[in-house]
*Asks:* 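What follows is a single structure, and I will ask about it in a moment.
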2 protein chains.
Amino acid sequence: MVRAGLTTERLTRAGAELADEVGFDQVTVSALARRFDVKVASLYSHLKSSQDLRTRIALLALEELADLAAAALAGRAGKDALTAFADAYRDYAREHPGRYDAARYRLDPEAAAASAGGRHAQMMRAILRGYDLAEPDSTHAVRLLGSVFHGYVSLEAAGGFSHSAPDAQESWEWTLDRLDAMLRNWPMR
Amino acid sequence: MVRAGLTTERLTRAGAELADEVGFDQVTVSALARRFDVKVASLYSHLKSSQDLRTRIALLALEELADLAAAALAGRAGKDALTAFADAYRDYAREHPGRYDAARYRLDPEAAAASAGGRHAQMMRAILRGYDLAEPDSTHAVRLLGSVFHGYVSLEAAGGFSHSAPDAQESWEWTLDRLDAMLRNWPMR
DNA sequence: TGCATTTACCTAATAGCTTTAGGCAAGTGG
DNA sequence: CCACTTGCCTAAAGCTATTAGGTAAATGCA
């Protein structure tokens with residue numbers, strides 16, 4: 001009997017692919033076993049539980065997204081940086097909807113602490129350094145950016161913008177324009 | 001044997017309560033049957049499927065949220081309206097996290113068409129009438145508002161803002177201030 | 001190379017959720 | 001008061017999650 005060569009790593013990556021194909025909430029230990037043509041119980045040597053699998057996929061997605069965002073950000077500043085970062089988010093969500101959902105999976109505190117979540121916040125702070133905000137405004141602004149990016153991307157993914165003109169791309173550019181202007185014209189009344 | 005008096009309505013409402021207690025993704029036909037002290041199969045005379053149940057809860061949540069938002073909006077305009085509407089969203093999400101998640105449940109096109117989703121968009125347009133935007137700006141702005149509200153509320157619900165200062169309420173007020181200013185100072189460079 | 005150990009995957013079993021088919025008794029209308 | 005509708009039930013099949021314990025493949029060491 002030839003062994004399948006399962007490892008936690010491979011299972012996690014395959015789980016991420018599965019998520020993109022069938023949706024994160026459809027990712028199941030059984031489906032993953034089928035994909036490797038292996039019995040379900042066999043996965044339990046590599047994964048603690050179904051939750052464990054989902055958590056690992058979430059952590060993978062957060063890493064990937066942080067890496068992509070970091071690459072997009074390299075060498076840019078100001079609106080250029082803002083746009084590059086935002087596009088990295090949106091592109092990732094469009095190319096990897098299951099992984100993007102995974103990145104929104106609620107992690108337990110220890111997993112969250114070990115995640116790339118901190119890098120995401122750091123990068124937003126870096127972007128805001130190109131604008132002139134003092135505390136606590138910059139924290140507020142980090143939260144606003146996070147809200148807009150996540151909100152837009154998830155509404156778009158849910159099909160919220162697909163059945164009306166103008167198209168989603170246009171509103172996205174408009175939104176980034178407005179955000180940039182808001183951050184530059186500071187403070188305004 | 002005394003009958004339990006099940007109806008689709010009652011099941012949907014109980015499902016919504018269940019969602020708030022244990023999370024929308026934990027809402028299950030079995031759990032609902034337990035709550036009514038009735039056998040699982042009995043629910044299938046009132047519900048087509050587990051999906052059907054979730055869809056009904058989603059529609060209920062969208063209605064409730066639209067009603068609350070409409071009430072909050074009544075007699076207000078400008079920033080006052082913006083704040084009242086946004087607070088209605090946020091308060092609903094905080095008081096009814098399961099229902100709020102339900103309202104984000106992806107509906108099939110027919111369910112979506114029959115939902116209160118349209119009212120939500122209409123109300124945002126009504127708010128924007130207090131600012132001076134022409135098409136396509138007002139559509140872009142509707143999308144931005146939706147993104148910010150949903151994004152903020154869902155990040156807050158996920159605990160994203162709970163472990164750092166300043167507190168979430170402050171950032172929320174700041175955000176609404178900024179949005180209002182952005183919409184008033186129009187256009188800006 | 002040959003044996004011992006580890007490890008990868010398996011069978012078997014339990015338990016929960018979903019869904020369908022068919023039955024009986026409680027309520028309802030003529 | 002009898003016929004009918006309808007509400008809830010039992011039974012059963014299929015899928016997922018998870019654990020316990022077994023066997024064969026890979027690995028390490030003499």
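Naming: A, B, ... by sequence-line order, numbering from 1 per chain.
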*Asks:* So that I can tick it off, tell me whether A:Glu156 and A:Arg94 are bridged by a salt bridge, with the cut-off set at under 4.0 angstrom between side-chain N and carboxylate O.
*Replies:*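 Yes, A:Arg94 and A:Glu156 are salt-bridged.
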*Asks:* In terms of heavy-atom contacts, does CD of A:Glu9 have more than 12 from other residues, nucleotides or ligands at under 6.0 Å?
*Replies:*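 Check fails, neighbour count at 12 or below.
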*Asks:* Without hydrogens or angle criteria, can the side chains of B:His150 and A:Ser154 be said to hold a donor-acceptor pair below 3.5 Å?
*Replies:*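 Yes, side-chain donor-acceptor contact under 3.5 Å.
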*Asks:* For B:Arg54 and C:dC17, give me the distance from atom CZ to atom C1', rounded to whole Å.
*Replies:*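 In whole Å, C:dC17 C1' and B:Arg54 CZ are 11 Å from each other.
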*Asks:* OP1 or OP2 of C:dT7 versus the side-chain N and O atoms of A:Ser45: is any pair under 4.0 Å?
*Replies:*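 No, A:Ser45 has no side-chain N/O under 4.0 Å of OP1/OP2 on C:dT7.
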*Asks:* Got a second to check how far B:Arg56's CZ is from B:Gln51's CD, nearest 0.5 Å?
*Replies:*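 Output value for this atom pair is 12.0 Å.
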*Asks:* If the cut-off is 4.0 Å, is A:His46 near the phosphate of C:dC9, judged by side-chain N/O to OP1 or OP2?
*Replies:*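 Yes, A:His46 has a side-chain N/O under 4.0 Å of OP1/OP2 on C:dC9.
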*Asks:* B:Gln26 has an atom CD; how far is it from atom P of C:dG16, in whole Å?
*Replies:*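 Value for this atom pair: 15 Å.
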*Asks:* Choosing from D:dT10, D:dC8, C:dT18, which nucleotide comes nearest the side chain of B:Val29?
*Replies:*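 Comparing D:dT10, D:dC8, C:dT18 against the side chain of B:Val29, the answer is C:dT18.
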*Asks:* Taking only the side-chain nitrogens and oxygens of B:Thr28, find out if one of them lies under 4.0 Å from OP1 or OP2 of C:dT18.
*Replies:*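 Answer is yes, contact under 4.0 Å.
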*Asks:* Could you state the CG-C1' distance from B:Leu47 to D:dG7, rounded to the nearest angstrom?
*Replies:*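 Answer to the nearest Å: 14 Å.
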*Asks:* I need the CG-P distance between A:Leu53 and D:dT16, as an integer number of Å.
*Replies:*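 A:Leu53 atom CG is separated from D:dT16 atom P by 14 Å.
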*Asks:* If you assign A:Lys48 and A:Ala31 each to the DNA chain D nucleotide with the nearest heavy atom, which residue ends up on the more 5' nucleotide?
*Replies:*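 Comparing both residues, the 5'-ward one is A:Ala31.
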*Asks:* Rounded to the nearest angstrom, tell me the gap between atom CZ in A:Phe36 and atom P in C:dA8.
*Replies:*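 These atoms are roughly 14 Å apart.
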*Asks:* Provide, to the nearest angstrom, the distance between the NZ atom belonging to B:Lys39 and the P atom belonging to D:dT10.
*Replies:*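 One finds 5 Å between P of D:dT10 and NZ of B:Lys39, rounded.
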*Asks:* Which of the following nucleotides, C:dA8, C:dC10, D:dT10, is nearest to the side chain of A:Ser42?
*Replies:*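 Closest of the options to the side chain of A:Ser42: C:dC10.
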*Asks:* Which nucleotide wins on minimum distance to the side chain of B:Ser50, given the candidates D:dT16, C:dC10, C:dT18?
*Replies:*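 Nearest nucleotide to the side chain: C:dT18.
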*Asks:* Measure CG/A:Asp25 against P/D:dT16 and give the value in whole Å, please.
*Replies:*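 After rounding, the gap between these two atoms is 14 Å.
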*Asks:* Counting heavy atoms from C-beta on, name the nucleotide in C:dT19, D:dT18, D:dT16 closest to the side chain of B:Val40.
*Replies:*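 The answer is C:dT19.
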*Asks:* With nearest nucleotides of DNA chain D determined for A:Arg34 and A:Ala41 from heavy-atom distances, which residue corresponds to the more 5′ nucleotide?
*Replies:*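 This one resolves to A:Arg34.
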*Asks:* Rounding to a whole Å, what distance do you find between B:Leu32:CG and C:dG16:C1'?
*Replies:*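 B:Leu32 atom CG is separated from C:dG16 atom C1' by 16 Å.
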*Asks:* For the residue pair B:Tyr92 and B:His96, is the inter-centroid distance of their aromatic rings smaller than 6.0 Å?
*Replies:*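 Ring centroids of B:Tyr92 and B:His96 are less than 6.0 Å from each other.
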*Asks:* Between D:dC8, C:dT11, D:dT10, which nucleotide has the shortest distance from any of its atoms to the side chain of B:Leu6?
*Replies:*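 From the listed options, D:dC8 comes nearest.
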